[in-house]
Amino acid sequence: LSFGLHDSESDCVVCAAGEYSQEPGSPVCLECAKGKYLADHAETASGHDNLSDCLSCPSGHYSGSGQARCVACVAGKHLVDAATSSESLACDICGSGKFTATEAAVKCMDCAAGEYLSDAATSTKFHDEVSDCTVCSSGSYSSEGSGSCAACVAGTYLEDNGTDASLHSSADSCSVCDAGKHSSQGSQFCTNCAAGTYISDDARDAEEHDSVSDCGVCEAGSYSYVGASGCTSCAAGKFLTSTSETRVAADHDSDEDCVSCEPGKYSVSRSAVCITCAAGKFSTESAPTCSD
C-alpha cells in the first residue's frame with residue numbers, strides 16, 4: 001500500500017457521472033440503476049452522496065446503469081421500457097394507424113378519423129410525421145387510429161377523393177344514392193338506372209340502391225329515360241305493351257315506344273292496349289275517346 005494515497009482528504013475522489021456512494025469510507029462508487037441518471041461530472045460530492053441523487057429518466061427517455069444522461073426515443077417510436085441501454089428494447093415503432101411527430105413519446109398518436117396509416121411497425125420513417133396519415137380515397141371512410149379505410153356499402157357513395165379527412169370520418173359519411181341511381185361497394189358516384197327502368201326510393205334506404213337489379217322495368221303503358229325516379233305514362237290515345245312475355249327495358253326506354261291507337265279505337269293514359277269503340281261510335285287515330 002502507498003501511504004501517499006491515503007494521507008489527505010484530497011485523496012478522496014468525487015464519484016463520476018452516473019455514480020454515487022452514500023456510506024462513509026466507500027472504496028468504490030455505485031452505478032445508478034437502469035432508468036436513472038446522474039449528470040454531475042465529479043464536481044461536487046454532495047451531488048453523489050445519496051441514492052436519491054440518481055434521478056428517474058424524463059418521460060420518453062431510457063438509460064442503462066451508471067449513465068450521465070438518458071436517451072430519448074426518436075420520432076416514430078414510443079417508450080416501452082426506460083430501464084435498458086438498448087434502444088430496440090426501450091422504444092417500439094408505432095403500429096398501424098399511429099405516429100409520433102416528436103421525440104420522447106410515451107405513446108403514439110392516432111391518425112385522425114378519415115385517415116389511415118397501413119404500415120405495421122416496420123420503419124420509423126412511416127410513423128414520424130402527421131403527414132404519414134393519408135386521407136381515405138373516394139368511396140371509403142375510417143375511424144381514429146385506422147390501418148386501412150373501410151368501403152362504403154353498396155347503395156351509397158362518397159365523392160371526395162383523399163382531400164378532406166372530415167368527409168371520411170364515419171360510415172355516415174357515405175350518402176345513399178338518389179332516386180334513379182344505384183352503386184356497388186366503395187363507389188365514388190352512383191350510376192344511373194338505364195332508360196326503361198327506375199328506382200323510386202330517394203336516398204333513404206341503401207338496400208333499395210345496392211344493385212342494378214333494383215332498377216325496375218317500367219310497367220305497361222309507361223316509359224322512362226336514364227336515371228328515372230319513376231316512369232312516365234304514355235299519353236291518352238296511345239298504348240305500350242312489351243314485345244316479350246316478360247317486360248324488358250328496351251321496350252320502355254322512350255316516348256317513341258308509345259304506339260298510336262288505330263282508328264276505331266281509343267285509350268286513356270298509361271294504357272297497355274287500345275279499346276275498340278262501341279257500336280255506333282267512331283274515332284280517329286290516336287283518339288283519347290270515341291265520338292258519336
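These numbers come from a predicted model, not from an experiment. Worth knowing before you read on, the calculation uses all heavy atoms, side chains too, and leaves out hydrogens, waters and symmetry mates.
- None of D214, D201, T191 except one satisfies the side chain to side chain donor-acceptor pair (under 3.5 Å) rule with H209; the exception is D201.
- No option in D110, D119, D132 other than D110 meets the side chain to side chain donor-acceptor pair (under 3.5 Å) test with K98.
- Annotation: ring-ring contact (aromatic ring centres under 6.0 Å, His included) contacts of F126 (sequence neighbours excluded): none.
- Put simply, the side chain of S123 gets close to the backbone of K125: a donor and an acceptor are under 3.5 Å apart.
- Between the NE2 atom in H168 and the CG atom in L158 there is a gap of 5.0 Å [rounded to 0.5 Å].
- Around the CD atom of Q22, the shell of radius 6.0 Å holds more than 12 heavy atoms that belong to other residues, nucleotides or ligands.
- Atom OH of Y141 sits in a crowded spot, with more than 12 heavy atoms from other residues, nucleotides or ligands closer than 6.0 Å.
- Using modelled atom types, no side-chain atom of E43 and backbone atom of H41 make a donor-acceptor pair closer than 3.5 Å.
- Among residues two or more places apart in sequence or in another chain, the side-chain contact (heavy atoms from CB on, under 4.5 Å) test is passed with L55 by Y37.
- Ion pairing of D178 with K181 is absent here, as no side-chain N (NZ or NE/NH1/NH2) approaches a carboxylate O to less than 4.0 Å.
- Between the T197 side chain and the C193 main chain, no donor and acceptor come within less than 3.5 Å of each other.
- We find the SG-CD distance between C234 and E256 to be 11.5 Å, quoted to the nearest 0.5 Å.
- Side chain of Q188 to backbone of E159: a donor-acceptor contact under 3.5 angstrom is found.
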